[in-house]
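Structure first, then comments.
Quick caveat, the model's predicted, so the values are computed rather than measured.
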Amino acid sequence: MKLLPAKIPAGPGLLLIRSVLATAGLLSSYLSPLTAQTPTAFAALRDSLAATFDTAALRTLLRSSRRDEKAHPEDLSAALRSGLLAFRLGELKADPDFSEALSRFREASRRAPGRPEPWQGLGLSETGRSRWEMSESLNLGSRVGLKALERAADNYRRALSADSTYLPAALALSRIELSLLDTSRIAGARDALRRTARGLAPNPPDLLLALGRLERAAGTLDSAHLAFERYAVIGPNRALGLLELARTRLALGRADGEAPYYDGAGMDDPDARAGYEADLQYLAPDSVMWNLRGLDGQARAAYLHRFWTDRDRLELRRDGERLREHYRRVDYARRNFALTISRRFYGWRDAYRSGSTEVDDRGIIYIRHGQPSQRVRPFIFGAMPNETWRYDQAEGDLMLHFSSGWDSDGGGDLYDYRLVQSVLDLRGAADAPPDQLLLSRQSLSPAYARMLNWGTYGAAGARRLERSIGRASIAVATRSDSYELQFVRKLNVVADLIAVGQRDGASLAHLVFNISPDNTSPVAALGGVSYPLRARLVILDQDDRSVARLDTTFAIRVPAPARRGESLVGRAEVMLPPGTWTYRASVQQGDSAGVVLPRDSVWVAPSDGVALSLSDIALGSGVGSARWVTDVADTVLLAPSASFRIGSDVEVYYEATGAGPGAVYRHEISLLRAEEGRSRRQRPPLVTLAFEERSQTDVIRSRRTVSLDRLKKGSYLVEVRVNAPDGSYQVRRRALRVTDK
């Protein structure tokens, strides 16, 4: 009888056998003893196993490999195969904590400590274990998984100690150390990659990229620049190379970083796009990020250029300054305010939740606003490490408190500084001596001495004020960014922007300012002395986009140096379109003395001649006013302040456009009390000057003098009303203060 071979039915058993045989085929090329080609074989085997998803087949092969290990203890190849099989099981969650892979690679490192592959395998396994630890919610703490990453990095270093040219370990070491954000470890990793670079010639592009990033993280920007320059030439990802080169040049303050920055932004590479967005997320609002993600190519580069140029002009700086400062701040923050934790827990005293996993709240504020004007880092017994930053700004100072550590209210970590509203919210503040806690901030504000020394009600009021300042400062600081001009000596300047007059058919605005001689330095000049000055002005629309700007230098000449009580008066003009605008301005002498003026607004009347329109009201007197010669050669006095002494004569000047030549217009100039909550009818004019005037052209230029000898000290309004023959009229008002000084 002829025996026929048994037919094995298809099913899970047959699929398992086929899977085992197929996987075994992948291993057949790597069963030979260890040779000089082992590093290549190790990487190839790992890549081959990455295509295998059958955990049962992998376990079968692992058991077979373990038998080979025992049968041939001198054979490193079997130990490495076992480690890689166990590692793949860990990746497939069959051994989620990678314990088997760690065990196998430790055995391999014991057998051959002078080979790089066992240490590479240990690094891979520790990295996998770190991911598992971080994913487990039951693993408590803020540094979950970081110890495993540190062990992984140490194993990669051991691999490079065994073979400094072992590129996989060098690249993995760079990735891990950069993710750890621990500046105390960066220098060692950088030195290890430098040795790798010296041993590999020519340097592979991936090594140049990794080395450059470590050099920059270690603060050696010049060396990073060299690595990125070479990568930008030979690297496979030119857009990413240009971004890294730009980041480094800009952090060094180099203007030649702008070209690669915008060139890289115009390339649609996903890695580079992610890098640009990551750099911008620290300060750009959601609307900007949303718009940026919707743009490609040169449109994206143009959007970024407009974004940074708008900020340059808002801060009265030259184009490109804000971009360079941003990358200097980012570099500084990453090296000084890095978050060396893997989890952030919040409590009710945390006044802000940035969501950043890279820098703490100090880093966020530093990137947004730069170096604080004053920084206090006291030691207070009982309190966790803390500090307070004060920013002196033209539009209101900011007071920001940061606290590390934790307390009974939850949240926080010793390595994580958080914003809090008040010094009373610092971690451990309840256990600190009140006098030490409050007096440690005495140099920042007198409110802290009041909180300590005033009575029950006074101290309570001071505490409320201090908390409200902290709350408002956090709201402003975390929703805005700044790069305000800073000066060692502050000039005492009073200024105003007055929109009156025309030139070449366009409306004029005059920046008029009055400077006290304190902190100024005269320069000898023919016939007396000269005060060289620089004035900067930017006009902004409702989106803070620049409409017009001015940056001019000039000298105020006087017969002798100004004395106390005297002042220096200057004027600069700019042409503006009609509309309501805000503006920022600064006045300075040299680089060390100056002031940034608070933001203010100006309204520019239409000058199209279609309808009657009234300009600003210019006030002036013989003392402390600038002189402006109009387009018809009249001299007009422009005062930078609305304050005038009792009894003085004030010149009132205004222009009305759109008038009908030959028509008669009635003018009324009135002085009213500035009383809030009362209507015009409830405030009868104290003084009224009325007259009629025939218009010679389509522009009415009117100048009258009003005496203040009947007015008392106080606040008033100057009201100008021009009535047209057809019954229409235009009204403008301007504040006026009468003083006894």
Does Arg599 have more than 12 heavy atoms from other residues, nucleotides or ligands lying within 6.0 Å of its CZ? yes
Gln486 to Ser373 - nearest heavy-atom pair and separation: OE1-OG, 4.4 Å
Can you tell me which residue among Tyr261, Tyr327, Phe307 is in a ring pair (Phe, Tyr, Trp, His ring centres under 6.0 Å) with Tyr276? Tyr261
Mind checking ring-ring contact (aromatic ring centres under 6.0 Å, His included) for Phe554 and listing every partner two or more places apart, or none if nothing turns up? Phe513
Pairwise distance OG1(Thr388) to CG(Leu426) - rounded to 0.5 angstrom: 6.5 Å
With no hydrogens and no angle check, do the side chains of Thr520 and Gln589 hold a donor and an acceptor under 3.5 Å apart? no
cation_pi(Arg418, Tyr346) dist<6.0 Å, angle<=45: yes
Distance (rounded to the nearest 0.5 Å) between Gln374 CD and Tyr391 OH: 12.5 Å
Got a second to check how far Thr340's OG1 is from Arg185's CZ, nearest 0.5 Å? 11.5 Å
Assess whether side-chain hydrogen bond (donor to acceptor under 3.5 Å, both in side chains) is satisfied between Ser567 and Asn514, documenting all intermediate values. CA-CA 6 Å; Ser567 60; Asn514 185 312; 3.2 Å; yes
Give the intermediate values and the outcome of side-chain hydrogen bond (donor to acceptor under 3.5 Å, both in side chains) for residues Ser482 and His369. CA-CA 5 Å; Ser482 63; His369 300 283; 2.8 Å; yes
Can you name the residues that form a side chain to side chain donor-acceptor pair (under 3.5 Å) with Glu387, not counting sequence neighbours? Arg362, Arg375, Trp389
Tyr483 six-ring face occupied by Arg317 cation (under 6.0 Å, within 45°): yes
Whether over 12 other heavy atoms sit under 6.0 Å from Asp271 CG: yes
Nearest 0.5 Å please: distance from the OG atom of Ser586 over to the CZ atom of Phe487. 5.5 Å
Looking at Asn453, I want to see if its CG is surrounded by more than 12 non-hydrogen atoms of other residues, nucleotides or ligands under 6.0 Å. yes
Verify side-chain hydrogen bond (donor to acceptor under 3.5 Å, both in side chains) between Gln371 and Arg329, making sure each step is shown before the conclusion. CA-CA 9 Å; Gln371 184 71 22; Arg329 292 178 184 179; over 6 Å; no
d(Leu149 CG, Glu177 CD) to nearest 0.5 Å is 9.5 Å
Locate the shortest heavy-atom distance separating Arg247 from Arg216; write the atom from each residue and the value. CB-NH1, 3.6 Å
Consider only side-chain N and O atoms of Arg534 and Thr553, and report whether a donor and an acceptor are under 3.5 Å apart. no
Assess the pair Tyr366 and Tyr332: is the distance between their ring centroids shorter than 6.0 Å? yes
side-chain hydrogen bond (donor to acceptor under 3.5 Å, both in side chains), that's the test. Do Asn386 and Ser403 meet it? Break it down for me. CA-CA 4 Å; Asn386 61 88; Ser403 180; 5.9 Å; no
Short side-chain donor-acceptor distance under 3.5 Å, Ser715 and Arg737: no
Measure the spacing between CZ of Arg318 and CG of Asp551 and express it to the nearest 0.5 Å. 6.5 Å
Would you say Tyr303 has more than 12 foreign heavy atoms packed within less than 6.0 Å of its OH? yes
Regarding Arg344 and Ser354, is there a side-chain donor-to-acceptor distance under 3.5 Å anywhere? yes
